[in-house]
Protein chains: 2
Amino acid sequence: MSPTVRPPSFTHKHNHAACIADAIKAAEQCCAQNGTRFTSQRRRVLELIWQSHKPVTAYSLIKSLRKEKENTEPPTVYRALEFLQENNLVHRIESLNAFVGCEHPEKEHRSQFMICNQCDQAMELRNSRRIENAISTEASKLGFAISSSTVEITGICPSCQ
Amino acid sequence: MSPTVRPPSFTHKHNHAACIADAIKAAEQCCAQNGTRFTSQRRRVLELIWQSHKPVTAYSLIKSLRKEKENTEPPTVYRALEFLQENNLVHRIESLNAFVGCEHPEKEHRSQFMICNQCDQAMELRNSRRIENAISTEASKLGFAISSSTVEITGICPSCQ
DNA sequence: AGGGATATGTTATATATTAACATTTTACCA
DNA sequence: TGGTAAAATGTTAATATATAACATATCCCT
Ligand SMILES: [Zn+2]
Ligand SMILES: [Zn+2]
Ligand SMILES: [Zn+2]
Ligand SMILES: [Zn+2]
């Protein structure tokens, strides 16, 4: 069964509770399939990341967690983030030193982001073969063998214009 | 007069002294044209960045400068880097928190980098209209107004294969 | 239940960046 | 040519981001 079709994340008014619920359910499924453990800490960090579509820094996660449990130290969050990244559940936004939930975590994939300077939301492109092909073509012209890519576009999103 | 045609920077053996000399000369011209001051500190930082095609961190620059002058503090380097960035003489590699000399500083431009995991060199693509067009097309399809872009590809460069 | 692998706790440190204010140097003009 | 405002640099301190190293707890399998 394919996931519910939902408006793109830049649509400011949408049923965001459904975004969160879907993300958590998808994470459970991914981890079950990968044979990795979706512990309560990892779940909590993922939930916090999904509170919005704005990338959040590791330290803002630490602050949030400290409201629930004092003495939350950096490694707690960084380990959870490492796990979530390895399991394709979150992406790191390099230009912000921040993290955002993956909007289609079904399998490993390259990602491209559009990040709004106004509302701070990051939208992950779905199936942007156009950009991936352009990069692949350019790389093969040069004889460069790609292993990963970072594509982060900033500007103003449609809802903010 | 157009600049000398030189092998791409990933070619491991090339006359790198010429890279440095060209970069400094271009910087002088850019600053003269912009009416900005290419002071000795800024020149020294740019020279250090151009010691190789590997992006260098701010702290490695501080360490280098301290060999020449003790008490070199972070703001010294960060200010020079800020100036060099504003004048399109260096680029920041977001995924590395590091800086690399711009290979075609003639005018403001978007940049795309291929970064080798083996030799650590970063090559700036010249005139990659293909990638820029793909990004522009994708953005306009979504109604997103671009203000800047970060494209950083990692992998293995031709010389390292 | 035993024992290795995995996850978490804890302390400390490394790395990266910026704020704020003091002093010096430069460019420009009266 | 001296005066002066802007720009650049010096200096101290704080903040932000990330990892190392080792201890303890928990889980999974037999
Ligand atoms: Zn949502
Ligand atoms: Zn927006
Ligand atoms: Zn060179
Ligand atoms: Zn290489």
Side-chain angles (χ1 to χ4, degrees), chain A residues 27-28 30-49 54-66 68-87 89-100 120 150 152, chain B residues 27-28 30-49 54-66 68-87 89-100 120 150 152:
Chain A
E28 284 168 351
C30 286
C31 291
Q33 193 163 349
N34 301 349
T36 54
R37 287 161 55 187
F38 192 52
T39 65
S40 63
Q41 294 223 62
R42 291 163 176 175
R43 172 191 301 261
R44 192 70 197 107
V45 169
L46 186 61
E47 285 169 352
L48 287 172
I49 289 172
K54 302 178 188 180
V56 292
T57 66
Y59 270 73
S60 82
L61 291 169
I62 292 173
K63 276 186 197 160
S64 298
L65 286 173
R66 279 185 176 154
E68 304 170 0
K69 177 173 177 300
E70 287 185 22
N71 297 347
T72 301
E73 302 300 330
T76 301
V77 160
Y78 280 102
R79 283 166 181 159
L81 288 171
E82 186 182 21
F83 173 88
L84 295 170
Q85 285 181 271
E86 284 169 352
N87 286 269
L89 300 170
V90 306
H91 293 289
R92 181 172 207 277
I93 306 295
E94 301 291 348
S95 55
L96 296 174
N97 296 337
F99 302 84
V100 70
D120 298 328
T150 298
E152 295 168 9
Chain B
E28 284 168 351
C30 287
C31 291
Q33 193 163 348
N34 300 350
T36 55
R37 287 161 55 186
F38 192 51
T39 65
S40 63
Q41 292 223 62
R42 291 163 176 176
R43 171 191 299 262
R44 191 72 196 107
V45 169
L46 186 59
E47 284 169 352
L48 287 171
I49 289 172
K54 303 179 187 178
V56 293
T57 65
Y59 266 71
S60 80
L61 291 169
I62 292 172
K63 277 185 196 162
S64 298
L65 286 173
R66 280 184 175 156
E68 304 171 0
K69 175 172 177 303
E70 286 186 23
N71 298 348
T72 300
E73 301 300 330
T76 300
V77 159
Y78 280 101
R79 284 167 181 159
L81 288 170
E82 186 181 23
F83 173 88
L84 294 170
Q85 284 181 271
E86 284 169 353
N87 285 269
L89 299 170
V90 307
H91 292 291
R92 182 171 206 275
I93 306 295
E94 302 291 344
S95 56
L96 298 174
N97 296 337
F99 302 84
V100 70
D120 298 326
T150 299
E152 296 168 7

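First the proteins, then the strands, lettered A, B, ... as listed; each starts at 1. When reading the values below, keep in mind they use all heavy atoms of this one structure, side chains included, and skip hydrogens, waters and symmetry mates.
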Task: Sequence neighbours excluded, every pair satisfying salt bridge (Lys or Arg N to Asp or Glu O under 4.0 Å) that has a member inside residues 69-85 of chain A - done: A:Arg66-A:Glu73
TODO: State whether A:Thr57 places a side-chain N or O below 4.0 Å from either non-bridging phosphate oxygen (OP1 or OP2) of D:dA16.
DONE: no
- [ ] Please state how far atom CD1 in B:Ile62 lies from atom P in D:dG10, giving the value in whole angstrom units.
- [x] 13 Å
Task: Atom-pair distance (CZ on B:Arg66; P on D:dG10), nearest Å - done: 13 Å
Show which side-chain atoms of residues 41-48 of chain B pair as donor or acceptor with protein atoms under 3.5 Å away, not counting sequence neighbours.
from	atom 1	to	atom 2	distance (Å)
B:Arg42	NH1	B:Arg37	O	2.6
B:Arg43	NH1	B:Glu28	OE2	3.2
B:Arg43	NH2	B:Glu28	OE2	2.9
B:Arg44	NE	B:Glu68	OE1	3.0
B:Arg44	NE	B:Glu68	OE2	3.0
B:Arg44	NH1	B:Glu47	OE1	2.7
B:Arg44	NH2	B:Glu68	OE2	2.6

Open item on the list: Would you say B:Thr150 and B:Glu94 are linked by a side-chain donor-acceptor pair, where the criterion is simply a distance under 3.5 Å?
Closed with: no
TODO: Please report, rounded to the nearest Å, how far the C1' atom of D:dA8 is from the CD atom of B:Glu86.
DONE: 13 Å
- [ ] Specify the residue among A:Ser40 and B:Phe99 whose closest nucleotide of DNA chain C lies further upstream toward the 5′ end.
- [x] A:Ser40
Open item on the list: Distance check needed: C:dA16 P versus B:Gln85 CD, whole Å only.
Closed with: 15 Å
- [ ] Quickly work out the A:Leu81 CG to D:dT17 P distance and round it to whole Å.
- [x] 12 Å
- [ ] Starting from the 5' end of DNA chain D, give me the residue, A:Ala58 or B:Thr76, whose nearest nucleotide shows up first.
- [x] B:Thr76
Task: Atom-pair distance (CG on A:Asn71; C1' on C:dT8), nearest Å - done: 13 Å
- [ ] Spell out protein contact along nucleotides 19-30 of chain D as letters: B when the base is contacted, S when just the sugar-phosphate is, - when no protein heavy atom is under 4.0 Å; keep the 5' to 3' order.
- [x] BBBB----S---
Task: Between C1' of C:dT8 and CD of A:Glu68, the distance in whole Å - done: 16 Å
Task: Nearest-Å distance for atom pair CG/P, residues A:Asn87 and C:dA7 - done: 10 Å
Task: Where B:Phe38 and B:Ala27 come nearest, the two heavy atoms and their spacing - done: CZ-CB, 3.6 Å
- [ ] List the atom of A:Ala58, the atom of A:Val77, and the distance in Å for their closest heavy-atom pair.
- [x] O-CG1, 3.8 Å
TODO: Would you mind reporting whether A:Leu81 and A:Ile49 have side-chain heavy atoms less than 4.5 Å apart?
DONE: yes
Open item on the list: If I take atom CZ from residue B:Phe83 and atom OG1 from residue B:Thr39, how far apart are they, to the nearest 0.5 angstrom?
Closed with: 7.0 Å
